[in-house]
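Encoded as structure tokens, the structure appears first; notes follow it.
Hydrogens, waters and symmetry mates are skipped; everything else that's a heavy atom, side chains included, is used. Counting begins at 1 with the first residue of the sequence. Each ligand, and each atom within it, is numbered from 1 in the order the structure gives.
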Amino acid sequence: MKIIDLRSDTVTRPSEEMRRAMYNAEVGDDVFKEDPTINELQEYAANLLGKEGALYVPSGTMGNQICLRVLTEPGDEVICEKDAHIFNYESASPAALSGIQLFPVEGKNGVMPEDKVEEAIRPKSAYYMPRTKVIEIENTHNRASGAIQPMESIKKIGEIARKYELFYHLDGARIWNASVATGINVKEYAAEFDTISCCLSKGLGAPVGSLIAGEKNFIEKAFRIRKSWGGGMRQAGVLAAAGLYALKNNFKKLSEDHEKAKMILNWINSNPSLEVEKAAVQTNIIIFKPLILTVEQAIQKGKESGLLMSTGKKDSLRIVTHLDVTFEDIQEAISRMEKIFN
Ligand code: TLP
């Protein structure tokens, strides 16, 4: 029986062509900034995102956390949405690594209401309060079923950030999905933010690696923090080559992942034993609630029938479509779901 793994878009394996690119990569010592393939990837990404510089980092978590570390000082506060990855899935590292705290604001499908963001900002004169320093948003939003942040909201929150002299950070782990779904260029998205973190190891199919981007001065500071956190990776051009390959070849293919997610969503929608926030499913992530089974039972039954699902928010399951599942696999996944949930 073929296992269909829909736990995350991180489960992809490098294709033969990607492996060939990795095999052929020229390398050097990146701690001396001498790895030509890493340098090429960073230049390519800076250009793609329209920023002065980019830095290759091992993971999305390290990317976000380096950005927060550079933008803040201990005692500062970062406003983010209640379901943000930095708040829920990064092991409290804002506190542990930067000595800062997060102020979670409840959003609708991952989008924070502008008035609530403004309300969350601490008065500068109150020396006894945390100092608000950064506003962070996530696009697409993982725990909000891959929902896209509307450009209007991005811009309005950006205006608030500028009005209060705050930094504006984007967790763009899946910014590629947002761009493909809306037709808005990643550069246009990136222009709204001071710093961006984006991943090569999610839908783009690279085995590892993320990028952060921003002004030159920010990148220089980030380079130092990356080293101090053990992220200096030496001859990692073999990995960067996979990232370059992914950006150049797999970016446009993301629209197929969105179609695959729609096929599953349509089936879930027609099933009364499942509940889904339909409006939030806009890209490749589907979070849904099983009403008859518990999450644990559903995951176990899935495993037994060769369909791997993960957990979403409380009491919900998560399915993520990706490069390594075909449209036929999705059909097969739906027939296995029919058996699991009916
Ligand atoms: N998300 C992973 C898990 O951590 C949940 C996944 O399977 O979706 N930002 C966002 C929005 C993410 O979804 C992720 C990974 C990260 C950051 C962190 O990236 P990594 O896993 O490379 O540290």
Q. What part of R7, side chain, backbone, both or neither, has a heavy atom within less than 4.0 angstrom of ligand 1?
A. neither

Q | Numbered atoms of ligand 1 (with element) below 4.0 Å of E90, judged on heavy atoms | A | 17 (C)

Q: Just let me know how D9 lines up against ligand 1, side chain, backbone, both or neither, with a heavy-atom cut-off below 4.0 Å.
A: neither

Q: Give the residue and atom name of whichever protein heavy atom lies nearest to atom 20 (P) of ligand 1, and the separation in Å to one decimal.
A: G60 N, 3.5 Å

(Q) Tell me whether N142 has any N or O atom under 3.5 angstrom from an N or O of ligand 1. (A) yes

(Q) Using 30° and 60° as the class boundaries, would you call the ring planes of F251 and W176 parallel, tilted or perpendicular? (A) perpendicular

Q: For S59, take its heavy atoms, then give the atoms of ligand 1 lying under 4.0 Å from any of them.
A: 22 (O), 23 (O)

Q) For Q300, does the CD atom have more than 12 heavy-atom neighbours from other residues, nucleotides or ligands under 6.0 Å away? A) yes

Q: Give the residue and atom name of whichever protein heavy atom lies nearest to atom 23 (O) of ligand 1, and the separation in Å to one decimal.
A: T61 OG1, 2.6 Å

Q: Using a 4.0 Å heavy-atom cut-off, say whether A173 meets ligand 1 through its side chain, its backbone, both or neither.
A: side chain

(Q) At under 4.0 Å between heavy atoms, is it the side chain or the backbone of R318 that contacts ligand 1, or both, or neither? (A) side chain

Q | Nearest neighbour in protein (non-hydrogen) for atom 9 (N) of ligand 1 | A | D171 OD2, 2.7 Å

Q: Have a look at H85, R174, K202 and point out the one with the heavy atom closest to atom 8 (O) of ligand 1.
A: R174

Q) Testing E90, H141, R143, E136 for side chain to side chain donor-acceptor pair (under 3.5 Å) with H85, which one passes? A) E90

Q: Could you tell me whether E159 and K155 have a side-chain N and a carboxylate O separated by less than 4.0 Å?
A: no

Q: Could you tell me whether the side chains of D5 and H322 share a donor-acceptor contact shorter than 3.5 Å?
A: no

Q: Tell me which protein heavy atom sits closest to atom 11 (C) of ligand 1, plus the residue, atom name and distance to 0.1 Å.
A: E138 OE2, 3.3 Å

Q) Less than 3.5 Å between some nitrogen or oxygen of S8 and one of ligand 1, yes or no? A) yes

Q | All ring pair (Phe, Tyr, Trp, His ring centres under 6.0 Å) counterparts of F193, not counting sequence neighbours | A | Y168

Q. Should the heavy atoms of other residues, nucleotides or ligands under 6.0 Å from CD of E165 be counted, would the total exceed 12?
A. no

**Q.** Distance-only polar pair, side chains of N284 and D9, donor-acceptor under 3.5 Å
**A.** yes

Q. Is the charged tip of K248 near the ring of Y44: under 6.0 Å from the six-membered ring centre and within 45° of its axis?
A. yes

Q. Under 4.0 angstrom from ligand 1, any heavy atom of R143?
A. no

